[in-house]
Amino acid sequence: MNTPPKTFRIKSFGCQMNVYDGERIFELLNENGLTAAAEGADADLVVLNTCHIREKAADKAYSDVGRLRREDGSRPMVALAGCVAQAEGAEAKARSPMIDIVVGPQAYHRLPEMVAQASRGARPVDTDMPAISKFDALPKRRRANPSAFLTIQEGCDKFCTYCVVPYTRGAEISRPRSDIIAEAQALVESGAREIVLLGQNVNAWEHEKLEFADLIRTIAGIDGLERIRYTTSHPVNMSDELIVAHAEVGKLMPFLHLPVQSGSNRILKAMNRSHTVETYLAIIDKMRAARPDIALSGDFIVGFPGETEEDFEATLQVVDAVGYASAYSFKYSARPGTPAATMEDQIPREIMDDRLQRLQDRINTHQLAFNRSKVGLETQILIERGGRHPGQMIGRSPWLQSVHLETSANPGDLIDVTLVSAGPNSMTGAARQKKAA
Ligand code: SAM
Ligand code: SF4
């Protein structure tokens, strides 16, 4: 028997979809009478919302669990949530006696009930992936950051040969349009000025013959909402309608995160990416024709099995051809159960380290060039939070750059600025007037 918890803490790791799930779990526990533990204070319940995308994720989660033991030997109730929970299932209880609850990403709406069971001494596990949406069972949104996440699509049917997502998040499902609009409206009523639509393949969203571009146009009609972003997109789902929306929908920000992974068609085929370098670059060309100032971002994997120096050089060429404003790059990580994990020609770590360094240097060069190209420009930023110094605030430009400036404006204000200087990771701005009308 455990005493029923009164306070909780959630630690989210990994992607933005996990951050979103963490927010929903927060609201759910709040609605069920638990309160968030104060900063630095002990919590009665700790939810570890884990990520499984790269190596050692499970080991890291177990060592995080171990660290929750307090100095006096007592411990909080522990819920292992997220993709490690999904992958490990009941095994997690055997590996760590400290884990009271194991709950997968499609089952966390059941958490209050599972907490009650754990309080009675049970160790419940739920890693089902029910067809009925967990979203129906979650409370209405009542808290929102100026820039708020909204998951509209989950899971993946694409089965890239290196990736665990189709196994941990399940099949691709799109949330119904009316639910998304209701949640977007609730977020705006709670203070969001920007909504970031999320999905593993967000642009694959479809519902009752409507496609993603239609959804964006509907959401753009919400009064009080100023900006729309979305991530992550897959090249094969980049429709012409979505590209046209970038030219026509003023609230849709000029930013596209479109992972390519590799610049070699041979490697893309082995990755089962179902696009080529040429089809990827053709999308970029079309997008630039529709929205010339679009900022481009991507994901890259170096050291996929069989990747030669020539294949890697081809990746650097794509980086130069696109001129990314930002990009994420990863060393290939063999994930048990995925086809690539047993492919021949696994690449030695030293080669991966070297390639990652060279790739990141090249990306940084383009990132700095992109930031410098915006110096002197008059634009608007959405203030998101306070900066390190008194009077300093941090906001985002339309191109998702972090902009630091001195202003009396508050989080949620959209203000006119001139971008005055550029660094590799952020810009400095000067407010042109206190608040936009
Ligand atoms: N669905 C998105 C797509 O296909 O572009 C990406 C989702 S995935 C959660 C985010 C990124 O993690 C991928 O784009 C890929 O670059 C990286 N990733 C996934 N599996 C990986 C692995 N086994 N090793 C290294 N990076 C990986
Ligand atoms: Fe993973 Fe590929 Fe699906 Fe993206 S598209 S989530 S990389 S399987």
Side-chain angles (χ1 to χ4, degrees), residues 12-21 49-58 82-84 86-87 105 149 151-174 196-205 212 230-238 256-264 267-275 279-280 283-284 296-307 312 315 318-319 322 324 326-343 346-347 349 351-353 355-356 359-360 363:
S12 287
F13 304 88
C15 68
Q16 289 148 318
M17 295 185 70
N18 256 17
V19 174
Y20 173 86
D21 287 344
N49 191 19
T50 57
C51 169
H52 201 238
I53 200 83
R54 273 170 287 278
E55 223 177 339
K56 304 212 170 74
C83 292
V84 172
Q86 187 67 38
F149 291 146
T151 292
I152 65 162
Q153 179 276 337
E154 283 205 288
C156 182
D157 296 334
K158 303 236 172 4
F159 290 94
C160 299
T161 53
Y162 50 81
C163 185
V164 290
V165 168
Y167 312 98
T168 57
R169 288 267 171 175
E172 216 161 86
I173 54 152
S174 294
V196 186
L197 302 170
L198 299 180
Q200 300 296 347
N201 292 296
V202 72
N203 58 341
W205 182 89
F212 184 53
Y230 61 92
T231 197
T232 295
S233 297
H234 194 290
V236 296
N237 300 114
M238 239 14 248
L256 174 66
H257 180 70
L258 194 65
V260 64
Q261 314 297 358
S262 168
S264 154
I267 296 293
L268 287 175
K269 191 153 189 269
M271 287 177 162
N272 191 31
R273 281 294 292 179
S274 57
H275 60 82
T279 54
Y280 179 86
I283 295 167
I284 302 288
L296 294 157
S297 170
D299 288 350
F300 294 89
I301 296 176
V302 298
F304 184 82
E307 184 188 69
F312 174 68
T315 298
V318 168
V319 173
V322 174
Y324 290 95
S326 66
Y328 298 96
S329 45
F330 310 102
K331 281 185 272 190
Y332 166 71
S333 169
R335 310 305 293 121
T338 60
T342 50
M343 284 180 186
Q346 299 283 325
I347 304 296
R349 188 140 303 270
I351 295 187
M352 283 207 228
D353 288 342
R355 287 182 187 163
L356 186 69
L359 175 60
Q360 289 183 340
I363 291 168

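Every number for a ligand or one of its atoms is a count from 1 in the order of the listing. Both backbone and side-chain heavy atoms feed into the values below; hydrogens, waters and symmetry mates do not.
Protein heavy atom closest to atom 8 (S) of ligand 1, with residue, atom name and distance, is I53 CD1, 4.0 Å. Taking atom 20 (N) of ligand 1 as the reference point, the nearest protein heavy-atom neighbour is Y162 CD1, 3.3 Å. Protein heavy atom nearest atom 1 (Fe) of ligand 2, with residue, atom name and distance: C163 SG, 2.3 Å. D299 OD2, 2.6 Å is the protein heavy atom nearest to atom 14 (O) of ligand 1. Nearest protein heavy-atom contact of atom 24 (N) of ligand 1 is S333 N, 3.0 Å.
Of all atoms in ligand 2, numbered sequentially from 1 with element shown, those under 4.0 Å from a heavy atom of H234 are 5 (S). Near P166, meaning under 4.0 Å from one of its heavy atoms, ligand 2 places the atoms 8 (S). Distances below 4.0 Å separate heavy atoms of P259 from the following atoms of ligand 1: 5 (O). Atoms of ligand 1 lying under 4.0 Å from at least one heavy atom of R273, given by number and element, are 3 (C), 4 (O), 5 (O). Proximity to C156 (heavy-atom distance under 4.0 Å) selects the following atoms of ligand 2: 3 (Fe), 5 (S), 6 (S), 8 (S). Taking every non-hydrogen atom of R335 and a distance limit under 4.0 Å, the qualifying atoms of ligand 1 come out as 23 (N). For ligand 1, the atoms sitting less than 4.0 Å from at least one non-hydrogen atom of N201 are 1 (N), numbered in the order shown with element in parentheses.
At a heavy-atom distance under 4.0 Å, no atom of P259 approaches ligand 2. Contact annotation: for N201 versus ligand 2, heavy atoms closer than 4.0 Å belong to the side chain alone. Contact annotation for Y162 and ligand 2: only side-chain heavy atoms (C-beta onward) come within less than 4.0 Å of the ligand. Contacts of F330 with ligand 1, taken as heavy-atom pairs under 4.0 Å, involve the side chain alone. Residue-level proximity to ligand 1 for R54 is carried by the side chain, the only part with a heavy atom below 4.0 angstrom.
For C160, every N, O or S atom stays at 2.8 Å or more from atom 1 (Fe) of ligand 2.
In terms of heavy-atom proximity, R169 sits nearest to C83 at NE-SG, 3.5 Å. Closest non-hydrogen pair, C51 versus G14, comes out as CB-CA, 3.7 Å. The minimum heavy-atom distance linking I267 with P305 is given by the pair CD1-O, 4.1 Å.
In terms of modelled atom types and a separation under 3.5 Å, the side chain of Q153 and the main chain of G155 share a donor-acceptor contact. Side-chain atoms of N203 come within 3.5 Å of backbone N or O of N237 as a donor-acceptor pair. In this structure a side-chain-to-backbone donor-acceptor pair under 3.5 Å is missing from E172 to W205.
In terms of polar-atom proximity, Y332 is not counted as a contact of ligand 1, lacking any N or O under 3.5 Å from an N or O of the ligand.
Ring centroids of Y167 and F159 are separated by less than 6.0 Å, placing the two rings close together.
Ring-plane geometry between Y280 and Y324 is classed as tilted, the angle between the planes lying from 30 to 60 degrees on a 0 to 90 degree scale.
Atom-to-atom distance recorded for F312:CZ and L356:CG is 8.0 Å, nearest 0.5 angstrom. Separating the CZ atom in F330 from the OG atom in S333 is a distance of 11.0 Å, to the nearest 0.5 Å.
A side-chain N or O of S329 and one of Q360 form a donor-acceptor pair less than 3.5 Å apart.
Atom 7 (C) of ligand 1 has its nearest heavy-atom neighbour, among Q261, K331, Q200, in Q200. Comparing T232, N18, V202 by heavy-atom distance to atom 6 (C) of ligand 1, the nearest is T232.
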